[in-house]
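Below is one structure, written out as structure tokens; the observations come after it.
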Amino acid sequence: MTTSASVPTGPDGAIAHGGTVTDRLVDANGQYAAAFSDPGMDARPVLHVAVVACMDARLDLHAALGLELGDCHTIRNAGGVVTDDVIRSLTISQRKLGTRSIVLIHHTGCGLEALTEDFRTELELEVGQRPAWAVESFRDVDQDVRQSMQRVRTSPFLLHTDDVRGFVFDVRTGLLREVDAG
């Protein structure tokens, strides 16, 4: 697997060859767009599935799950936690765009295992305002997957809660391990 982690950057985030990381991304988009052709898809995922996962850069969900462009809706956040905003996205995904299945993916070595709600207090002390959101940290990844499954299954806004499955992705092996709903 190749990554761009070895691209040297300065302390200001500038790429050693000039410009910022964002400049590099915009340049890459220009190259992508030059070869782009409209695939003629709409926003409805072909497999009628929504995947909720952590934003961790080590998770290449499409490759890990054998997915192609247009196959699924992908919703990512810190921890892959089912928050009110995730429920909002899943509700739109189901009610307006036809998804029926939900796959929840947490992973080993998640940064949320090292945080606590004290992070909110630290932010409040630094910026003078307490965040309205919860950190949603956890110590037991399996239990957090179960909690996420329960939040999905009990949401009054979701129409399809019979095919909700949760997994832990092992960042060292690339394998998924299913978590029993309990």
Side-chain angles (χ1 to χ4, degrees), residues 1-112 115 131 133 135-136 145 148 152 157-160 163-178:
M1 173 167 71
T2 60
T3 68
S4 53
S6 62
V7 175
T9 60
D12 61 352
I15 295 178
H17 303 150
T20 66
V21 172
T22 303
D23 292 333
R24 177 175 166 223
L25 299 176
V26 171
D27 289 345
N29 175 255
Q31 293 173 11
Y32 171 79
F36 183 79
S37 63
D38 181 359
M41 300 177 187
D42 68 14
R44 292 176 183 85
V46 173
L47 299 179
H48 306 287
V49 63
V51 178
V52 178
C54 185
M55 67 186 190
D56 192 294
R58 297 171 290 181
L59 278 67
D60 183 348
L61 293 174
H62 277 74
L65 301 173
L67 296 168
E68 300 292 331
L69 181 67
D71 282 348
C72 71
H73 285 157
T74 306
I75 304 161
R76 295 181 78 158
N77 66 21
V81 177
V82 175
T83 61
D84 286 345
D85 193 58
V86 169
I87 293 293
R88 178 187 72 85
S89 293
L90 289 171
T91 301
I92 293 166
S93 178
Q94 285 191 353
R95 290 180 176 267
K96 297 299 180 185
L97 298 167
T99 59
R100 299 288 181 266
S101 300
I102 298 172
V103 174
L104 306 171
I105 301 177
H106 287 39
H107 66 91
T108 58
C110 185
L112 282 187
L115 287 177
W133 39 263
V135 173
E136 298 276 356
V145 171
S148 291
V152 168
F157 305 111
L158 298 173
L159 296 171
H160 307 284
D163 188 12
V164 177
R165 294 172 64 186
F167 300 86
V168 175
F169 177 86
D170 188 315
V171 297
R172 296 194 188 275
T173 67
L175 289 173
L176 288 176
R177 177 178 52 78
E178 188 157 9

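- Taking CD of Gln94 as the start and NE2 of His73 as the end, the distance is 11.0 Å to the nearest 0.5 Å.
- When all heavy atoms of Ala50 and Leu90 are compared, the pair lying nearest together is CB-CD2, 3.6 Å.
- Counting heavy atoms of neighbouring residues, nucleotides and ligands inside a 6.0 Å radius, atom CD of Glu178 exceeds 12 of them.
- No side-chain heavy atom of Asp163 sits less than 4.5 Å from a side-chain heavy atom of Val49.
- Rounded to the nearest 0.5 Å, atoms CZ (Arg177) and CG (Asp170) are 8.5 Å apart.
- Shown here for Ile102 and Leu104, the closest heavy-atom pair between the two residues is CG2-CD2, 3.8 Å.
- By the salt bridge (charged side-chain N to carboxylate O under 4.0 Å, His left out) test, Asp42 is found to be paired with Arg44, residues two or more places apart in sequence or in another chain being considered.
- Between Leu47 and Cys72, every side-chain heavy-atom pair lies at or beyond the 4.5 Å cut-off.
- Minimum interatomic distance between Val145 and Gly166 (heavy atoms only, all atoms of both residues): CG1-CA, 3.6 Å.
- Side chain of Asp23 to main chain of Thr20: a donor-acceptor pair is present (N/O by atom type, distance under 3.5 Å, no hydrogens or angles).
- The salt bridge (charged side-chain N to carboxylate O under 4.0 Å, His left out) search around Arg95 returns none, not counting sequence neighbours.
- Contact between Gly174 and Phe169 at its shortest, heavy atoms only, is O-CE1, 3.2 Å.
- Side-chain contact check for Val171 versus Leu59: some heavy-atom pair is nearer than 4.5 Å.
- The distance from the OG atom of Ser89 to the CZ atom of Arg76 is 14.0 Å, given to the nearest 0.5 Å.
- Asn77 places none of its side-chain heavy atoms less than 4.5 Å from the side chain of Glu136.
- Between the Thr99 side chain and the Ser93 main chain, a donor and an acceptor come within less than 3.5 Å of each other.
- Here the CD1 atom belonging to Ile87 is positioned 11.5 Å from the CD1 atom belonging to Ile92, to the nearest 0.5 angstrom.
- Under the 4.0 Å criterion applied to side-chain N and carboxylate O atoms, Arg88 and Asp85 are assigned as salt-bridge partners.
- In this structure, His106 NE2 and Asp56 CG are separated by 12.5 Å, a value rounded to the nearest 0.5 Å.
- Met41 places none of its side-chain heavy atoms less than 4.5 Å from the side chain of Val46.
- Contact detail for Ala78 and Cys54: the closest heavy-atom pair is C-SG, 4.3 Å.
- Counting all heavy atoms, side chain and backbone alike, Leu61 lies closest to Ala53 at CD1-CB, 3.5 Å.
- Side-chain contact between Val152 and Val52 is absent, with no heavy-atom pair separated by less than 4.5 Å.
- At least one side-chain heavy atom of Thr91 sits under 4.5 Å from a side-chain heavy atom of Leu158.
- Within the structure, ring-ring contact (aromatic ring centres under 6.0 Å, His included) contacts touching residues 26-65 (residues at least two apart or in different chains) are Tyr32-Phe36.
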